[in-house]
Amino acid sequence: MSKKPVRVAVTGAAGQIGYALLFRIASGEMLGKDQPVILQLLEIPDEKAQNALKGVIMELEDCAFPLLAGIEAHSDPLQAFKDTDYALLVGARPRGPGMERADLLAANAQIFTAQGKALNAVASRNVKVLVVGNPANTNAYIAMKSAPDLPAKNFTAMLRLDHNRAASQLAAKAGFKVGDIRKLTVWGNHSPTMYADYRFATVDGKSVKDAINDQTWNKDVFLPTVGKRGAAIIAARGLSSAASAANAAIDHMRDWALGSAGEWVTMGVPSNGEYGIPAGIIFGFPVTTENGEYKIVEGLEIDAFSQECIDKTLAELQGEQDGVKHLL
Ligand SMILES: NC(=O)c1ccc[n+]([C@@H]2O[C@H](COP(=O)([O-])OP(=O)(O)OC[C@H]3O[C@@H](n4cnc5c(N)ncnc54)[C@H](O)[C@@H]3O)[C@@H](O)[C@H]2O)c1
Ligand SMILES: O=C(O)C[C@H](O)C(=O)O
C-alpha cells in the first residue's frame, strides 16, 4: 500500500537555494523514494517573487514527479505552515550595502519571530524544522523561542554544509574517498568561527588525524578553508552557495527522518548542557539519528585547542543571542 503524503513547507522557494532544492525533494531524495510529498511553498508578498514562484511551480509540474502529491503557493506563513510535517526555512533577508551585522540580525529576527509563531499556531505538533537562512543558528533560536508549544528539540540549524566541506577537504588532503570518512563533526556556529574537528574521524577504522599528522595544516589551512568557504564561493560566483547548500539541506533532513545507521552527522541543535554549552543555544554537535530522533554524541574528550575553538564560536553565538534578546 502506498504511503500517505507528508507536507513539506519551504520558504524562500523562488530563491536560488529553493531552485536547487525543490526538485530533489519532489523526486524523493529527501524523504525516500516511496514517500509522497505535498509542497507548501512560501515567498514574500511581492509580485516579482510570486511570479517567479509560479514559474518554479510550472517547472515542478512539468517534471511529472510520481511522488509529488500536491503543490501550494503562499505569501502568508500561517497558510504555508498549515499541518506541515517538515519546514525548511530558507528565505531570509540578505545583508545589504551599508548594513551592519546588528541590522541583519534585527531584520531576520522579525522574519523568524513571525515564522516561529506561525509554526506554533498551525504546524504539525511533530514538525521537524531546519533553518538554512543566515544567521542560521540564531534564526533557528528565534523561531524556537517564538514557538513555545512545539518541542524545542524540533528546531535545528544547518551545519551540514560545513560538515560536507570539511569531509571533502580531508579527502583531498589525505587521498581518502570522501564517503569513507566516519566520525567527523563541526562544532558551533554556521560562520567562520565554526570548529571542524577530525580528531575522532576514521577511514576503514584508522585515524584520520594520525594519517594527516599535521597540526599546522589543521590550524592554518584546514580550519580557515572550511570556515571561509562560503565567502570564497561568493567571491568566485558573485552569488552565495546554492546547489551545495540545497544538497546539505537534503542530507540533514534525510538523515533526521530516515536515520544515519549509526554514523555521526553534524546538526545545529539546542543544547541540553552537553560539553558545557548553555542549554537552549543552537550549536553544531555530532549526532546520530534513529527513528526520526537525533541524539548528541556524548563523552568525547575536548583538548585545550578544541576547547579554545569551541569557546570562540560559543562566544559569537552568545553575542548574536544578546543582540536579539530585546526582540523576543
Ligand atoms: N546555513 C547554510 O549553510 C547556508 C548556506 C548557503 C546559504 N545560506 C543562506 O540561505 C539563505 C537563502 O539563500 P539564497 O541563495 O536562496 O537566497 P536568494 O536571495 O536567492 O533567495 C531567498 C528567497 O527568500 C525569499 N524571502 C525573503 N524573505 C522571506 C520571507 N520572510 N518569507 C519567505 N520568503 C522570503 C526571497 O524573496 C528570495 O526569493 C540566505 O540567508 C543565505 O545566506 C545558508
Ligand atoms: O557564507 C555565506 O554567506 C553563505 C553560506 O552561509 C555559505 O556558507 O556558503
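In each ligand, atom 1 is the first atom listed, and ligand 1 is the first ligand listed. Since we're looking at a predicted model, the values are computed, not measured.
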Report the part of I111 in contact with ligand 1, treating N, CA, C, O as backbone and CB onward as side chain, heavy atoms under 4.0 Å; options are side chain, backbone, both, neither. side chain
So, T138 versus Q321: side-chain donor-acceptor pair below 3.5 Å or not? no
Closest heavy-atom approach to atom 22 (C) of ligand 1 among A13, A140, G18, G15 is made by G15
heavy-atom search around atom 36 (C) of ligand 1 in the protein gives E43 OE1, 3.5 Å
Contact check: T11 vs ligand 1, nitrogen or oxygen atoms, below 3.5 angstrom: no
If you take the nearest heavy atom of each of P192, S240, G227, which one is closest to atom 4 (C) of ligand 2? S240
How long is the straight-line distance from NZ of K325 back to CG of L328, given to the nearest 0.5 Å? 10.5 Å
Looking only at side chains, do E59 and Y19 share a donor and an acceptor under 3.5 Å apart? yes
Out of all atoms in ligand 1, which are within 4.0 Å of some heavy atom of M158? Include the element for each. 1 (N), 2 (C), 3 (O)
State if R93 counts as touching ligand 1 under the rule of any non-hydrogen atom under 4.0 Å. no
Against heavy atoms of A92, which atoms of ligand 1 measure under 4.0 Å? 27 (C), 41 (O)
For Y195 and F305, take the angle between the two ring planes, folded into 0 to 90°, and tell me which bin it lands in: parallel under 30, tilted 30 to 60, perpendicular over 60. perpendicular
Among T11, V90, D76, V10, the one residue meeting side-chain contact (heavy atoms from CB on, under 4.5 Å) with L42: T11
Heavy atom of R160, distance to ligand 1 below 4.0 Å: no
Under 4.0 Å from one or more heavy atoms of Q115, ligand 1 contributes atoms 30 (C), 31 (N), 32 (N)
Protein heavy-atom partner closest to atom 11 (C) of ligand 1 - residue, atom, separation in Å: V90 O, 3.2 Å
Give yes or no for whether the N/O distance cutoff of 3.5 Å, strictly under, is met between S241 and ligand 1. no
Evaluate A14 for polar contact with ligand 1, using N/O atom pairs at a separation under 3.5 Å. no
For G230, atoms of ligand 2 separated by under 4.0 Å from a heavy atom: 1 (O), 7 (C), 8 (O), 9 (O)
Which atoms of ligand 1 have any heavy atom of L161 under 4.0 Å away? 3 (O), 5 (C)
Donor-acceptor pairs under 3.5 Å, side chain of residues 152-162 to any protein atom, not counting sequence neighbours: which ones?
{"from": "K153", "atom 1": "NZ", "to": "E293", "atom 2": "OE1", "distance (Å)": "3.3"}
{"from": "N154", "atom 1": "ND2", "to": "V127", "atom 2": "O", "distance (Å)": "3.0"}
{"from": "T156", "atom 1": "OG1", "to": "V129", "atom 2": "O", "distance (Å)": "2.8"}
{"from": "T156", "atom 1": "OG1", "to": "H252", "atom 2": "NE2", "distance (Å)": "3.0"}
{"from": "R160", "atom 1": "NE", "to": "N164", "atom 2": "OD1", "distance (Å)": "3.3"}
{"from": "R160", "atom 1": "NH1", "to": "D255", "atom 2": "OD2", "distance (Å)": "2.8"}
{"from": "R160", "atom 1": "NH2", "to": "D255", "atom 2": "OD2", "distance (Å)": "3.1"}
{"from": "D162", "atom 1": "OD1", "to": "H190", "atom 2": "ND1", "distance (Å)": "3.2"}
{"from": "D162", "atom 1": "OD2", "to": "H190", "atom 2": "ND1", "distance (Å)": "2.8"}

Identity and distance of the protein heavy atom lying nearest atom 7 (C) of ligand 1: I17 CD1, 3.4 Å
Could you tell me if the side chain of I38 sits less than 4.5 Å from the side chain of V6, heavy atoms only? no
Is it the side chain, the backbone, both or neither of I234 that has a heavy atom closer than 4.0 Å to ligand 2? side chain
Under 3.5 Å between any N/O of Q16 and any N/O of ligand 1: does that happen in this structure? yes
Can you list the ligand 2 atoms lying under 4.0 Å from a non-hydrogen atom of R165? 7 (C), 8 (O), 9 (O)
Check whether any protein heavy atom sits under 4.0 Å from atom 3 (O) of ligand 1. yes
H190 heavy atoms, cut-off 4.0 Å: which ligand 1 atoms fall inside? 1 (N), 2 (C), 3 (O), 4 (C)
Answer yes if the side chains of Y294 and T288 hold a donor-acceptor pair under 3.5 Å, and no otherwise. no
Contact with ligand 2 for R229, non-hydrogen, under 4.0 angstrom: no
Would S240 count as a contact residue for ligand 1, given that I'm defining contact as a non-hydrogen atom of the residue lying under 4.0 Å from a ligand atom? yes
Which atoms from ligand 2 have a heavy atom of S241 less than 4.0 Å away? 7 (C), 9 (O)
Short version for N134: what comes under 4.0 Å of ligand 2, heavy atoms counted, is side chain
Examine Y141 together with F112 and report whether their ring centres are nearer than 6.0 Å. no
Distance filter under 4.0 Å to H190 heavy atoms, resulting ligand 2 atoms: 5 (C), 6 (O), 7 (C), 8 (O)
The closest protein heavy-atom partner of atom 34 (N) of ligand 1 is G12 N, 3.3 Å
Under 4.0 Å from a heavy atom of G91: give me the atoms of ligand 1 that qualify, with their elements. 24 (O), 26 (N), 35 (C)
Do the side-chain N and O atoms of Q40 and D83 include a donor-acceptor pair separated by under 3.5 angstrom? no
May I ask you to check if ligand 1 and A245 share an N or O to N or O distance below 3.5 Å? no
